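To keep things clear, I will list the structure first and then write my remarks on it.
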Amino acid sequence: MGQGLSCREQQENELFNAVQNGELETVEAMAEQDPNLLSLKTVHGRLSALHVAAANGRIEVLSMLLDRSGNPDILNRHKQTPLMLAAMHGKISCVERLIQAGANILLFDTLYGRTCLHYAAYYGHSDCLQFILSAANSTAVAQSWGFSRFVNIRDGSGATPLHLAARQRRPDCVHILLSNGALVCASTGGYSYPGSTPLHLAARGGSLDCVRELLAWGADRLQRDSSGRIPYMVALKHKHDACAALLNPLAPEPLTWPSPLKFISELNPDAKALLEKALIEANKKREKAILMDTPPLSNSSGTDDESEAGDVELCCICFENVCTIEVQTCGHQMCANCILALCCHSKPNSSTNSAKIPVCPFCRSSISRLVVAKSKNDSEIELELSPSKPRRARKSYNLGECSSSLKSLSSLGSFGRLGRTSGKVAAESNEEFDKP
């Protein structure tokens, strides 16, 4: 009997070693000889062959095991699925294959009460995180929960995936989660740092990139944890001076992604990228001034020089930047900086306590879709310069004839010169979205 037990243990070791090393032919031969071997689990962690294949990224072995067993949600000692281990180790091909095989993305383990989304965010595997979120947006199981609930799901200690990503200094994952509706000001429950927001945890970890992302999405620098500390105090305690400078309540407010844009149903991806770039560049100028302890400088590039501007269409609000964004419903064009400034200055409606949808400053029509402005081709330029057609003036709009909102925007000049009120207004606009 002891001899039989020894042989069984030897078979187990051979199987798991072959799976770990990706020896497909060996695993197939052992499965053909004894199909029950595939149901074996390791003694200590109760890991199945499917767990071992997923954790080590052995996609060929994993596919063969899935075809034979048909159960992608087999559990180990801590009720962790192969999908959780694949997300934990960043094995994107295994994550894709398991989800395609019907793996349940809503299961919790018993170790930390986490899902596969928590593990992908904690370990910083942005590709796995994005694929899981895409699956959650399309599967019937996620629809029964609600996508927003899944993105903000809490583990056993009250931390959302955004909390874990911010604490572990994962800016790419922070950006993905915020773009998919993660609550930027949600407080933890019984986590190691009770009452902390993602901004508190980013300040604790000292990640400037995470702090930038959170501030750009309207994180509140004055929100306190259960000990009464604001993120600035947390950064100071852990000697993260650069983060503390940006989190200092006396520093100028950061510019935030405007909440009115959340109401734009068809935001062109290219236009969104231009707006995000404008936001990042504006905040970088502000950060540079803060870190150097000097006031931010206005943009004094020589755009007023006709010879430098040439025939390029300049924005008729600031007369400094090239028009890059077009309001598709009316066709009016502006630079990304002014579009973003316009939306940042759309204050919430006091009667309904909701943010107004931004309107075009030229014709007052609602901005329902933004696209990248098309550049003129050579034939259009030649037609404008032909003697039969008078050349159109570069500054085609008279500021005196524009609306009051346009005048207020033009007086701001470039986007980099927006005051601290603009970010504050946008943060207030985001408040209803940020409450847990």
Side-chain angles (χ1 to χ4, degrees), residues 8-9 12-13 15-21 27 36-59 61-62 65-66 68-125 127-129 131-133 135-136 139 141-142 145 149-165 167-168 170 173 177 188-194 201:
R8 191 66 172 178
E9 289 179 350
E12 291 178 14
N13 290 334
L15 172 66
F16 291 120
N17 285 335
V19 172
Q20 184 174 358
N21 296 327
V27 177
N36 293 327
L37 278 176
L38 298 182
S39 61
L40 294 178
K41 293 184 177 181
T42 60
V43 176
H44 299 290
R46 304 296 296 166
L47 298 171
S48 68
L50 204 57
H51 285 98
V52 176
N56 289 276
R58 305 302 182 184
I59 184 62
V61 177
L62 181 80
L65 294 173
L66 286 172
R68 286 179 177 270
S69 66
N71 179 20
D73 292 325
I74 187 170
L75 304 177
N76 65 4
R77 183 183 299 277
H78 299 295
K79 300 295 188 289
Q80 292 170 327
T81 64
L83 178 59
M84 293 179 190
L85 297 189
M88 185 186 303
H89 294 278
K91 308 301 181 182
I92 181 61
S93 58
C94 294
V95 168
E96 294 175 356
R97 181 68 179 85
L98 286 163
I99 290 179
Q100 290 168 359
N104 190 350
I105 61 176
L106 303 178
L107 293 179
F108 296 82
D109 66 5
T110 56
L111 186 62
Y112 300 108
R114 292 175 180 170
T115 65
C116 57
L117 189 69
H118 287 101
Y119 281 114
Y122 183 89
Y123 288 98
H125 302 304
D127 51 354
C128 297
L129 186 73
F131 192 86
I132 293 171
L133 288 172
T139 60
V141 178
W145 267 46
R149 181 185 174 190
F150 177 71
V151 175
N152 294 286
I153 193 170
R154 296 181 181 270
D155 64 10
S157 298
T160 66
L162 182 60
H163 285 109
L164 299 180
R167 178 66 182 88
Q168 294 302 116
R170 315 293 188 188
C173 293
L177 289 165
T188 56
Y191 190 49
S192 303
Y193 317 106
L201 299 180

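What you see is a predicted model; the values in this text were computed from it and never measured.
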(request) Check Lys41 against Leu75 and note the closest heavy-atom contact, atom names and distance. (result) NZ-O, 2.7 Å

(request) Starting from the C-alpha separation in whole Å, work towards a yes-or-no answer on side chain to side chain donor-acceptor pair (under 3.5 Å) for Tyr119 and Gln80. (result) CA-CA 11 Å; Tyr119 281 114; Gln80 292 170 327; 3.1 Å; yes

(request) Output yes when a side-chain donor or acceptor of Asn71 lies under 3.5 Å from a complementary backbone atom of Asp73, and no otherwise. (result) yes

(message) When you measure from the side chain of His89 to the backbone of Ala86, do you find a donor-acceptor pair of N or O atoms at a distance under 3.5 Å?
(response) no

(request) Identify the heavy atoms of Ala120 and Cys173 that sit nearest to each other, and give their distance. (result) O-SG, 4.1 Å

(message) Would you compute the distance between atom CD1 of Ile132 and atom OG1 of Thr115 and round it to the nearest 0.5 angstrom?
(response) 7.5 Å

(request) Provide the closest heavy-atom pair for Arg154 versus Thr160 in the form atom of the first, atom of the second, distance. (result) CG-CG2, 3.9 Å

(request) Kindly give the heavy-atom pair with the smallest separation between Ala53 and Leu65, and that separation in Å. (result) CB-CD1, 4.2 Å

(message) Checking the side chain of Asp155 only, and the main-chain atoms of Gly113 only, is there a donor and an acceptor separated by less than 3.5 Å?
(response) no

(request) Heavy atoms only: give me the nearest Ile59-Ser93 pair and the separation to one decimal. (result) CD1-O, 3.5 Å

(request) Say whether, by atom type as modelled, one donor and one acceptor occur between the side chain of Arg114 and the main chain of Asp109 under 3.5 angstrom. (result) no

Using atom types as modelled, flag every donor-acceptor pair under 3.5 Å from a side chain in residues 95-108 to any protein atom, sequence neighbours excluded.
unit_1 : atom_1 : unit_2 : atom_2 : d
Arg97  : NE     : Ser63  : OG     : 3.3
Arg97  : NH2    : Asp67  : OD1    : 3.3
Asn104 : OD1    : Leu106 : N      : 2.9

(request) Using modelled atom types only, decide if a donor and an acceptor are shared between the side chain of Thr42 and the backbone of Leu47 within a distance under 3.5 Å. (result) yes

(request) Starting at NZ of Lys79, measure out to CE of Met84 and round the result to the nearest 0.5 Å. (result) 11.0 Å

(message) Could you measure the distance from the CG atom of Leu40 to the OG atom of Ser48? Nearest 0.5 Å is fine.
(response) 10.0 Å

(request) Return the set of residues passing side-chain contact (heavy atoms from CB on, under 4.5 Å) with Tyr193 (not counting sequence neighbours), or none when no residue passes. (result) Arg167, Tyr191, Ser196, Leu201, Arg204

(request) Drop me the distance from Leu129's CG to Tyr123's OH, to the nearest 0.5 angstrom. (result) 14.5 Å

(message) For a quick test of reading the model, state the closest non-hydrogen atom pair linking Val19 to Ala49 and the distance between them.
(response) CG1-O, 3.4 Å

(message) Determine whether a donor-acceptor pair (N or O, by modelled atom type, separation under 3.5 Å) exists between the side chain of Lys91 and the backbone of Cys128.
(response) no

(request) Any chance you could measure Ile74, atom CD1, to Leu66, atom CG, to the nearest 0.5 Å? (result) 10.5 Å

(request) Starting at OG1 of Thr110, measure out to CG of Asn76 and round the result to the nearest 0.5 Å. (result) 8.0 Å

(message) Determine whether a donor-acceptor pair (N or O, by modelled atom type, separation under 3.5 Å) exists between the side chain of His118 and the backbone of Ile153.
(response) yes

(request) Answer yes or no: is there a donor N or O on one side and an acceptor on the other, between the side chain of His125 and the main chain of Met88, under 3.5 Å? (result) yes

(request) Take atom CZ of Phe131 as the centre, draw a 6.0 Å sphere, and report whether it contains more than 12 heavy atoms from other residues, nucleotides or ligands. (result) yes

